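Worth knowing before you read on, the calculation uses all heavy atoms, side chains too, and leaves out hydrogens, waters and symmetry mates. Note that this is a predicted model, so its numbers are computed, not measured.
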Amino acid sequence: MEQYEPDRLSPAQEAAIRRSLRSGRAALSRRALLRASAGGALAVGGLGALSGCGIPAAGNTQGGVPAEDHSAEEKSVTFSNWTEYMDVNDSGRRHPTLEAFTRRTGIKVTYTEDINDNSEFFGKVKPQLAAGQDTGRDLIVLTDWLAARLIRLGWVQKLDPARLPHAFAHLSPQFRSPDWDPGRAYSYPWQGIATVIAYNKKALDGVEVKSLSDLLDNPKLKGRVGLLTEMRDTMGLTLLDMGKEPEKFTADDYDAALARLQKAVDKGQIRRFTGNDYTADISKGDFAACVAWAGDVVQLKADNPDIDFLIPDSGYMMSSDNLLVPNKARHKANAERLIDYYFEPRAAAELAAYINFVCPVEGVKDELAKIDEDAANNPLILPDKAMQAASRAFRSLSAEEETEFEEKFAKLTGA
């Protein structure tokens, strides 16, 4: 079981946290991809803070041990999620899919939007989890890197496959077996987050863009290209562009990708590295093309017909936010029923129609078309088989790799 590292954050890791909170995925609402994904840098920060507070190391606690389940006599479940990450009605006060679940099952859902970024939420729950106590939550949603860490620490419960028939049957192949939770023993994806290339047709003015190499090398785009400050997204696409596998890359591969980007920076090809604020640059045409998050592109295209996206032939990056049941949760069976409910095509379609992220549920298209035909035909929401096959994931990093890679990336971006 993983132990806490007493080391303090490196300056590069602290910079990664500040970038995410200031202008990265933690800076805007969840509809605009609110999530801190400086990855293990944040997680290591949380762990360092925990060890400094005198809370025992994970190895001294019982992890992954089921608590007494009160689901049968207590028809309730407490669900913590990100803001604006659930369907709402016109009043903005009610959640239709949650209400439908309660009508069917009799299980009342206490739904709370109390996750603002991964690191902050980790700080809320780590004292109880480390001490083997109930967090007061039966179901939580965390980005893949932090979900992986909680699984390694033994702080989440193994799911019962018998209560997840729809989840098992309808889980999209591209989300079935991440390296941090093979076979989805502890987690199921809530939504997927795709990193693609966005472009402004008017700003391109006839310049052809098909790959990341075009952004980095075409002199006609000099000073009009944007890359993300999120290390995994920018480096993942660069590794793919160089023929490397983000799931298996070596330290030498990483350094070669950095050198590739540094060359583009040195010749002025890159206008700047950004968080979510690239949306203004691409809309105005200050960026002709940039690395972007699919959830943003869906919204940008709806507002500006000049905005579109492409999937490079080399592939694109996919991460996910994930449903987990923390240790000592009082209503594990009820939580599993709620997880399974959102893998039914109708419920998944209603959710996808509202939040516009990558839906991790197979067989949703017909149901979604009844609600929003455009969404049903949008590959950024329902990837077809070819697009699913093109998705790749950034491999899990050790704490040492996280420190090293973030420091190098920070030097590249000038953070």
Side-chain angles (χ1 to χ4, degrees), residues 1-9 13 16-17 35-69 78 80-82 114-115 117-160 177-190 232 319-330 332 335-336 339 393-403 406:
M1 189 176 293
E2 181 173 338
Q3 299 284 329
Y4 287 123
E5 302 89 354
D7 301 335
R8 293 187 176 274
L9 290 178
Q13 290 173 319
I17 295 174
R35 76 185 184 101
S37 71
L42 300 184
V44 172
L47 294 172
L50 178 53
S51 64
C53 294
I55 295 173
N60 297 333
T61 67
Q62 287 189 328
V65 179
E68 182 180 354
D69 195 344
T78 301
S80 283
N81 203 350
W82 299 75
D114 62 345
I115 304 179
D117 79 85
N118 286 290
S119 182
E120 179 187 59
F121 185 74
F122 185 74
K124 290 180 183 179
V125 299
K126 64 191 176 187
Q128 297 101 314
L129 291 173
Q133 299 172 352
D134 182 10
T135 66
R137 301 167 176 86
D138 301 305
L139 193 60
I140 57 178
V141 178
L142 299 176
T143 304
D144 43 18
W145 63 265
L146 185 54
R149 184 167 288 271
L150 263 64
I151 291 170
R152 291 197 303 271
L153 288 167
W155 286 357
V156 294
Q157 298 187 49
K158 193 169 186 178
L159 301 174
D160 184 351
S177 195
D179 67 352
W180 47 269
D181 187 16
R184 291 288 183 180
Y186 293 89
S187 70
Y188 268 89
W190 176 246
R232 282 169 170 77
S319 55
S320 61
D321 289 325
N322 307 275
L323 296 153
L324 304 107
V325 178
N327 282 356
K328 300 297 182 179
R330 286 181 62 86
K332 178 174 181 283
E336 289 166 333
I339 293 172
F394 202 91
R395 71 171 173 83
S396 299
L397 301 178
S398 68
E400 292 77 14
E401 287 177 320
E402 186 67 49
T403 299
E406 280 289 358

Heavy-atom side-chain contact between Leu397 and Arg232 under 4.5 Å: yes
Measuring from atom CD1 of Ile339 to atom CG of Leu324, what distance do you get when rounded to the nearest 0.5 angstrom? 7.5 Å
Going by the rule salt bridge (charged side-chain N to carboxylate O under 4.0 Å, His left out), which residues pair with Glu401 if we only count those two or more places apart in sequence or in a different chain? Arg395
Decide yes or no for Ser319 and Trp145: does some side-chain heavy atom of the first lie under 4.5 Å from some side-chain heavy atom of the second? no
With Asp160, which residues qualify under side chain to side chain contact (heavy atoms under 4.5 Å, CB included), at least two apart? Ala162, Arg163, Lys332, Glu336
Within-4.5 Å side-chain heavy-atom neighbours: Leu150 and Leu129: yes
How long is the straight-line distance from CD1 of Ile140 back to CZ of Phe121, given to the nearest 0.5 Å? 5.0 Å
Kindly write out the residues that satisfy side chain to side chain donor-acceptor pair (under 3.5 Å) with Asp114, not counting sequence neighbours, or none if the list is empty. Ser80, Arg137
Could you report the tightest heavy-atom contact between Thr135 and Pro326, atom names first, then the distance? OG1-CG, 3.9 Å
May I ask you to test the Leu139-Val325 pair for a side-chain heavy-atom distance under 4.5 Å? yes
Is there a side-chain contact between Trp82 and Thr143 in this structure, where contact means two heavy atoms from C-beta onward sitting under 4.5 Å apart? yes
Between Gly183 and Ser177, which heavy-atom pair has the shortest distance, and what is it? N-OG, 3.2 Å
Looking at CZ of Arg149 and CH2 of Trp155, how far apart are the two atoms once the value is rounded to the nearest 0.5 Å? 9.5 Å
Can you name the side chain to side chain donor-acceptor pair (under 3.5 Å) partners of Gln133, sequence neighbours left out? none
Which residues satisfy the salt bridge (charged side-chain N to carboxylate O under 4.0 Å, His left out) test with Asp179, sequence neighbours excluded? none
Do Asp181 and Tyr188 come close enough that some side-chain heavy atom pair is under 4.5 Å? no
Any residue meeting salt bridge (charged side-chain N to carboxylate O under 4.0 Å, His left out) with Arg184, in chain and number order, not counting sequence neighbours: none
Is the shortest heavy-atom distance from the side chain of Arg330 to the side chain of Asp138 under 4.5 Å? yes
What pair of heavy atoms forms the shortest contact from Pro127 to Lys124, and how long is it? CD-O, 3.7 Å
Less than 4.5 Å apart, any side-chain heavy atom of Asn322 and any of Leu142? no
In sequence, state the C-alpha distance, the side-chain angles, and the governing distance for Trp190 and Asn81, and then conclude on side-chain contact (heavy atoms from CB on, under 4.5 Å). CA-CA 10 Å; Trp190 176 246; Asn81 203 350; 3.6 Å; yes
